Amino acid sequence: MDIMETIKDQVENNPIILYMKGSPNQPQCGFSARTVQALMACGQRFAYVDVLSNPEIRANLPAYGNWPTFPQLWVKGELIGGCDIITEMHEAGELKPLVDEAMADQPQS
Amino acid sequence: MGPVEQQIADIVTAALAPTHLQLSNESHMHSVPPGSESHFKLLVVSTAFEGQRKVARHQRLYALLAEQLAGPVHALALHTHTPTEWQAVASVPDSPNCLGGSKAD
């Protein structure tokens, strides 16, 4: 599959997906760590991609989303933002309703 | 102020006519050589952001600074407000510390 199709497939088939450096348990960048912390505080399951071990995604996602840096949080196929936006949304109490709603219309697994 | 920092300030000032602009070189907080211009934090308060969501504001800045981001600038923390929002917030959050990810590249 073409890399752009892979990205499209990932963001459209995962209600919540975080592109980050490292993993949620071992983030490799302070911005990724802060973002994953805010997202985990919301208590929903989410998918993630470690861009350090997926160089093709790292090279191509910036063009796909018109967003040059990581982390990137995508919810229901839409770019929500990077570390600064997610942190601000979390502090304003806006992040949890957004991810709760994204999961609400998912079939239970 | 380094040359890249100056460029960023000039570009943003020309394009968005900010009522308030605060740019800090935070490269020293990361695993880069002394004197680097790789990590910045930028606060922009501008009427140009009225009616725009945060994602759109950041995308605007990324587009303006595409050349810098494709070159020396590795991280750019962005805090964008309209003058009305800025009156309510009036502070810039601290940026996170480095966790060494670039060493894994």
Side-chain angles (χ1 to χ4, degrees), chain A residues 11 19-39 48-92 94-95 98, chain B residues 8 22-24 26-32 38-44 49 52-82 85-86 88-105:
Chain A
V11 300
Y19 292 90
M20 63 179 292
K21 293 183 174 177
S23 67
N25 290 326
Q26 283 197 303
Q28 297 288 312
C29 153
F31 296 93
S32 287
R34 187 176 281 185
T35 305
V36 85
Q37 207 175 17
L39 186 56
Y48 81 94
V49 173
D50 174 6
V51 299
L52 293 176
S53 48
N54 290 276
E56 258 204 298
I57 301 271
R58 185 183 183 182
N60 288 280
L61 185 62
Y64 183 87
N66 190 20
W67 196 271
T69 56
F70 296 95
Q72 298 188 16
L73 178 66
W74 290 72
V75 173
K76 290 167 79 176
E78 189 190 350
L79 174 64
I80 304 304
C83 176
D84 300 318
I85 291 179
I86 301 308
T87 308
E88 285 177 22
M89 287 180 76
H90 180 52
E91 282 166 3
E94 295 164 3
L95 186 62
L98 179 85
Chain B
I8 295 174
Q22 218 173 295
L23 180 60
S24 355
E26 298 188 325
S27 307
H28 63 274
M29 292 160 59
H30 299 273
S31 56
V32 291
S38 55
H39 295 67
F40 289 95
K41 176 160 78 178
L42 175 63
L43 164 76
V44 186
F49 295 141
Q52 267 191 335
R53 293 170 56 216
K54 285 281 159 77
V55 170
R57 297 176 190 182
H58 288 214
Q59 280 170 330
R60 177 82 199 276
L61 283 161
Y62 288 143
L64 286 169
L65 302 169
E67 197 184 313
Q68 286 70 30
L69 282 156
V73 178
H74 173 81
L76 179 64
L78 291 175
H79 302 284
T80 54
H81 301 285
T82 63
E85 291 166 356
W86 178 240
V89 186
S91 71
V92 194
D94 290 337
S95 297
N97 289 321
C98 185
L99 297 177
S102 60
K103 288 175 183 162
D105 281 8

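Fair warning: this is a prediction, and the values are worked out from it, not measured in the lab. Throughout, protein chains are lettered first and strands after them, A, B, ... in sequence-line order, and every chain is numbered starting at 1.
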Quick check on B:Leu78 against chain A: is it the side chain, the backbone, both or neither that has a heavy atom closer than 4.5 Å? both
What part of B:Leu65 lies closer than 4.5 angstrom to a heavy atom of chain A: side chain, backbone, both or neither? neither
Please give me the minimum heavy-atom distance between A:Ala33 and B:Leu99, naming the atom from each residue. CB-CD1, 3.6 Å
Between B:Leu76 and A:Asp84, which heavy-atom pair has the shortest distance, and what is it? O-OD2, 4.3 Å
Roughly how far, to the nearest 0.5 Å, is the CD1 atom of A:Ile85 from the OG1 atom of B:Thr80? 6.5 Å
Over 60° means perpendicular and under 30° means parallel, so classify the ring planes of A:Phe31 and B:His30, tilted if in between. parallel
Are B:Leu69 and A:Thr69 packed together at the side-chain level, in the sense that at least one heavy-atom pair is separated by less than 4.5 angstrom? yes
Nearest heavy-atom approach of B:Asp94 to A:Arg34 is O-NH1, 2.7 Å
Part of A:Glu88 lying under 4.5 Å from any heavy atom of chain B: side chain
Gap between atom CD1 of A:Ile80 and atom CZ of B:Arg53 - 0.5 Å precision: 6.5 Å
Would you indicate whether A:Glu56, at its atom CD, is surrounded by more than 12 heavy atoms from other residues, nucleotides or ligands within a distance under 6.0 Å? no
I'd like to check B:Gln59 versus A:Leu79 (side-chain heavy atoms, cut-off strictly below 4.5 Å). Are they in contact? yes
Check whether B:Arg57 gets within reach of chain A through its side chain, its backbone, both or neither, counting any heavy atom under 4.5 Å. neither
Heavy-atom contact with chain B under 4.5 Å, split by part of A:Pro62: neither
Atom group of A:Gln37 that falls short of 4.5 Å from chain B, counting heavy atoms: neither
Please indicate whether B:Glu67 has more than 12 foreign heavy atoms, meaning atoms of other residues, nucleotides or ligands, lying under 6.0 Å from its CD. no
A:Glu78 vs B:Val55, test: side-chain contact (heavy atoms from CB on, under 4.5 Å). Steps then yes/no. CA-CA 10 Å; A:Glu78 189 190 350; B:Val55 170; over 6 Å; no
